[in-house]
J.: 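Once you've had a glance at the structure underneath, I'll fire off some questions.
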Amino acid sequence: MTPEAHKKMIFVGLLFIALGLLLPGAARLYAQDSEITIDNPSAYQSKNRTAIYFSHENHMETFECLDCHHDYQNGENVLDEDELEEDGNARCAACHSKGASIELKTAYHRQCMGCHRLVNKQEDAGLPITCQDCHPRNPSIP
Ligand code: HEC
Ligand code: HEC
Ligand code: HEC
Ligand code: HEC
């Protein structure tokens, strides 16, 4: 590489860093992962099932953030969707922990299966509702 080309690369690199700093709002639009593996091994006494594949992207195309993400106070969802954070209020386990009125497994099951059942009833969509649909057999467990 010529020194000229090298300088150019550094300049372009700095430009991108500067843009990243100038556009935190734009960057945040891409902050949520499009594919998520739901796996909270330490939340359960023993974890028996395989991790769950969840296409956040497909679901985000069809639904509003607040259809799934919430913070209820006096029965009202007071969550501001601009403040969803990866390691905070976006994680179901942040609130549905041991001893909560709805524990973690129930929270996921009720939300995932509740909506799938409803949509299946409305339009015969065949969305996953059986255990095997979401928890495929783990080949490492005989
Ligand atoms: C159909 C339900 C659903 C919809 C709609 C949805 N999410 Fe999520 N989202 C989830 C679930 C489930 C998780 C995983 C939570 C966990 O790990 O406990 C998640 C995780 C996240 C996370 C953190 C984890 C990560 O890997 O990025 C962020 C941030 C987030 N969502 C933001 C959003 C935003 C912003 C929208 C709207 C544009 C949105 N979500 C729409 C269900 C949904
Ligand atoms: C900021 C705290 C908080 C987070 C994070 C949270 N919840 Fe909840 N959730 C609540 C509260 C409070 C209630 C009301 C019932 C209760 O007191 O447990 C509730 C109720 C529910 C209910 C029953 C009512 C309903 O809306 O159908 C389900 C199902 C549920 N949550 C699933 C989830 C899932 C799945 C996630 C992650 C995507 C999640 N929750 C994240 C606080 C939270
Ligand atoms: C508010 C309704 C709603 C909720 C909540 C919901 N789903 Fe879905 N799900 C759908 C719809 C509609 C489809 C089919 C179209 C699509 O992919 O958006 C679907 C499709 C799927 C599929 C098959 C196709 C694909 O996109 O991969 C899987 C697997 C799935 N959902 C898993 C989950 C899991 C796991 C959860 C809970 C963490 C969940 N869903 C929560 C409505 C929902
Ligand atoms: C729509 C998808 C979906 C369906 C259908 C479903 N689950 Fe789950 N299940 C989940 C998600 C998401 C979690 C959360 C995994 C985690 O937190 O690590 C979970 C967690 C669990 C857990 C606790 C964690 C573990 O691995 O031990 C058990 C047990 C479980 N499911 C059993 C079942 C059984 C039995 C059925 C059938 C009656 C079923 N599930 C159907 C999505 C689903």
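Whatever order the structure lists them in is the order used to number ligands and atoms, beginning at 1. If you're wondering where the values come from, they're calculated on a predicted model, not measured in any experiment.
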J.: Is there a polar contact, in the sense of an N or O pair closer than 3.5 Å, between H69 and ligand 2?
T.: no
J.: Quick check: does H59 put an N/O/S atom under 2.8 Å from atom 8 (Fe) of ligand 3?
T.: yes
J.: Within the stated cut-off of 2.8 Å, is an N/O/S atom of H56 closer than that to atom 8 (Fe) of ligand 1?
T.: yes
J.: Identify, with sequence neighbours excluded, every residue that meets salt bridge (charged side-chain N to carboxylate O under 4.0 Å, His left out) alongside R117.
T.: none
J.: Hey, which atoms in ligand 2 end up nearer than 4.0 Å to a heavy atom of R110?
T.: 29 (C)
J.: T62 versus ligand 3: do any nitrogen or oxygen atoms come within less than 3.5 Å of each other?
T.: yes
J.: Below 4.0 Å from ligand 3: does a non-hydrogen atom of P128 turn up there or not?
T.: yes
J.: Run the contact test for Q111 against ligand 1 with a 4.0 Å cut-off on heavy atoms, strictly below, and give the result.
T.: no
J.: Determine the interplanar angle of the H96 and H70 rings, folded into 0 to 90°, and report it as parallel if under 30°, tilted if 30 to 60°, perpendicular if over 60°.
T.: perpendicular
J.: Could you list which atoms of ligand 1 come closer than 4.0 Å to a heavy atom of L84?
T.: 32 (C), 33 (C), 34 (C), 35 (C)
J.: Indicate whether any N or O donor in one side chain lies under 3.5 Å from an N or O acceptor in the other, for Y108 and N40.
T.: yes
J.: Backbone or side chain, does any N or O of D33 fall under 3.5 Å from an N or O of ligand 1?
T.: yes
J.: If you have a sec, work out which protein heavy atom is nearest atom 35 (C) of ligand 3 and how many Å separate them, to one decimal?
T.: I52 CG2, 3.5 Å
J.: With respect to N89, determine whether any N or O atom, backbone or side chain, lies less than 3.5 Å from an N or O atom of ligand 2.
T.: no
J.: Are any of the N or O atoms of C68 closer than 3.5 Å to those of ligand 1?
T.: no
J.: Does H96 bring an N, O or S atom to within less than 2.8 Å of atom 8 (Fe) of ligand 2?
T.: yes
J.: Quick one: does D67 get a heavy atom under 4.0 Å from ligand 1?
T.: no
J.: Is the side chain of H56 donor-acceptor paired with the backbone N or O of D33 at a distance under 3.5 Å, no angle test?
T.: yes
J.: What do you reckon, does H116 have a nitrogen or oxygen under 3.5 Å from a nitrogen or oxygen of ligand 3?
T.: yes
J.: Are any of the N or O atoms of N58 closer than 3.5 Å to those of ligand 3?
T.: yes
J.: Where's the contact between R91 and ligand 2, heavy-atom distance under 4.0 Å: side chain, backbone, both or neither?
T.: backbone
J.: If you measure from atom 28 (C) of ligand 2 to every heavy atom of E103, H70, Q73, M113, which option wins on shortest distance?
T.: H70
J.: Is any heavy atom of the protein nearer than 4.0 Å to atom 24 (C) of ligand 3?
T.: no
J.: Of all the heavy atoms in I38, does at least one lie under 4.0 Å from an atom in ligand 3?
T.: yes
J.: Output yes when E85 and R91 qualify as a salt bridge under the 4.0 Å nitrogen-oxygen rule, no when they do not.
T.: no
J.: Return yes or no for this condition: an N or O of S101 is under 3.5 Å from an N or O of ligand 2.
T.: yes
